[in-house]
Trainee: 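Questions regarding the structure given below will be posed in turn.
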Amino acid sequence: QLVQSGGGLVQPGGSLTLSCETAGSPLNYFIIGWFRQAPGKEREGVSCISTSGLTTSYADSVEGRFTISRDVAKNTVYLQMSSLKPEDTAVYYCAALRSPYTDLCASIFDKGRNPSWGQGTQVTVSS
């Protein structure tokens with residue numbers, strides 16, 4: 001079970017941090033990804049972090065503005081979002097894919113995967 005928190009309304013150029021807790025399941029067993037879905041658009045992968053925690057990956061649209069990190073002791077993954085733009089407006093979902101220990105994470109974005117999903121949280125960037 002994934003429990004998300006954070007999100008809300010922010011002005012362009014502002015910052016927000018999203019959290020995703022794996023409800024007691026150790027992060028070392030999961031690739032964690034963040035996805036988003038804007039109205040009328042397909043869900044897209046935003047960022048991921050490997051089970052080792054050593055590798056992160058970002059979509060081109062958020063590279064340099066978003067940072068994914070984790071706190072193993074809290075079983076929580078964070079998505080720090082800065083320099084937010086109106087086009088970042090979407091419902092954001094975290095997902096967990098059980099995986100052997102690995103330094104890779106992009107597999108969570110593969111269409112055939114079936115990760116567990118958080119409940120989603122709305123992020124609205126507007127003045």
Trainee: Verify the cluster assignment for V10 and L18: are they in a single hydrophobic cluster under the rule of side-chain heavy atoms below 4.5 Å apart?
Mentor: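 Yes, V10 and L18 fall within the same hydrophobic cluster.
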Trainee: Locate the shortest heavy-atom distance separating T22 from I32; write the atom from each residue and the value.
Mentor: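 Taking T22 first and I32 second, the nearest heavy atoms are CG2-CD1, 4.1 Å.
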Trainee: In terms of hydrophobic clustering (I, L, V, M, F, W, Y; side-chain heavy atoms under 4.5 Å; direct or indirect links), are W117 and L79 co-clustered?
Mentor: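 No; L79 is not reachable from W117 via cluster members.
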Trainee: Would you list the pairs meeting ring pair (Phe, Tyr, Trp, His ring centres under 6.0 Å) in which at least one residue belongs to residues 91-112, sequence neighbours left out?
Mentor: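 Every pair satisfying ring pair (Phe, Tyr, Trp, His ring centres under 6.0 Å) with a residue in residues 91-112: F35-F109.
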Trainee: Can you name the nearest heavy-atom pair linking L97 to S107, along with the distance?
Mentor: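 Answer, listing the atom of L97 first, then S107: CD2-OG, 4.1 Å.
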Trainee: Nearest heavy-atom pair of L16 and V123: which atoms, and what distance?
Mentor: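 Taking L16 first and V123 second, the nearest heavy atoms are CD1-CG1, 3.9 Å.
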Trainee: Can you see whether T55 engages D103 through a side-chain donor-acceptor pair at a distance of less than 3.5 angstrom?
Mentor: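 Distance-only check fails for T55 and D103.
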Trainee: For the OG1 atom of T56 and the CZ atom of F66, what is their distance to the nearest 0.5 Å?
Mentor: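 Reported value, rounded in 0.5 Å steps: 14.0 Å.
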Trainee: Can you list every disulfide (SG to SG under 2.5 Å) pair that touches residues 21-60, not counting sequence neighbours?
Mentor: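 Output for this query lists C48-C105.
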Trainee: Determine whether I31 and L104 fall in the same hydrophobic cluster, where Ile, Leu, Val, Met, Phe, Trp and Tyr are linked whenever their side-chain heavy atoms lie under 4.5 Å apart.
Mentor: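 Different hydrophobic clusters.
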Trainee: Please name the pair of heavy atoms, one in Q37 and one in A90, separated by the smallest distance, quoted to 0.1 Å.
Mentor: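 Answer, listing the atom of Q37 first, then A90: O-CB, 3.4 Å.
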Trainee: Rounded to the nearest 0.5 Å, what's the gap from CH2 on W34 to CD1 on I108? Could you check?
Mentor: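 If we round to the nearest 0.5 Å, W34:CH2 and I108:CD1 are 11.0 Å apart.
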Trainee: Indicate the atoms forming the closest heavy-atom contact of N28 with R70, along with that distance.
Mentor: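 That would be OD1-NH2, 3.2 Å.
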Trainee: Any chance you could measure S5, atom OG, to E21, atom CD, to the nearest 0.5 Å?
Mentor: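 Going from OG on S5 over to CD on E21, the span is 8.5 Å.
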Trainee: Nearest 0.5 Å, please: how far is OG1 in T17 from CE in M81?
Mentor: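 Those atoms lie 7.0 Å apart.
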Trainee: Return the set of residues passing salt bridge (charged side-chain N to carboxylate O under 4.0 Å, His left out) with R113 (not counting sequence neighbours), or none when no residue passes.
Mentor: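 R113: salt bridge (charged side-chain N to carboxylate O under 4.0 Å, His left out) contacts with D110.
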Trainee: Any idea which heavy atoms bring E44 and S61 closest together, and the distance?
Mentor: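 Minimum heavy-atom contact is OE1-OG, 4.5 Å.
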Trainee: If we ignore hydrogens and angles and just use 3.5 Å, is the side chain of S47 paired with the main-chain N or O of S57 as donor and acceptor?
Mentor: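 Looks like yes, one N/O pair under 3.5 Å.
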Trainee: Tell me whether Y58 is reachable from L54 by hopping between hydrophobic residues (I, L, V, M, F, W, Y) whose side-chain heavy atoms are closer than 4.5 Å.
Mentor: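 L54 does not cluster with Y58.
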Trainee: So which pairs with a foot in residues 118-127 pass side chain to side chain donor-acceptor pair (under 3.5 Å), sequence neighbours left out?
Mentor: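 Found Q122-T124.
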Trainee: Show your reasoning for whether side chain to side chain contact (heavy atoms under 4.5 Å, CB included) applies to R36 and D88.
Mentor: CA-CA 9 Å; R36 66 186 182 186; D88 294 317; 2.9 Å; yes
Trainee: Hey, does V125 have a side-chain heavy atom less than 4.5 Å from the side chain of P12?
Mentor: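 A side-chain contact under 4.5 Å exists here.
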Trainee: Are F30 and L2 linked, directly or through intermediate hydrophobic residues, by side-chain heavy-atom contacts shorter than 4.5 Å (ILVMFWY only)?
Mentor: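 No; F30 is not reachable from L2 via cluster members.
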Trainee: Taking only residues at least two apart or on different chains, which pairs with a member in residues 3-46 satisfy disulfide (SG to SG under 2.5 Å)?
Mentor: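 Qualifying pairs, neighbours excluded: C20-C94.
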Trainee: Please assess L27 against I49 for the test side chain to side chain contact (heavy atoms under 4.5 Å, CB included), listing each intermediate value before the final yes or no.
Mentor: CA-CA 10 Å; L27 289 177; I49 186 166; over 6 Å; no
Trainee: Any side chain to side chain donor-acceptor pair (under 3.5 Å) pairs touching residues 71-83, not counting sequence neighbours?
Mentor: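 Every candidate side chain to side chain donor-acceptor pair (under 3.5 Å) pair involving residues 71-83 fails, so no pair, neighbours aside, qualifies.
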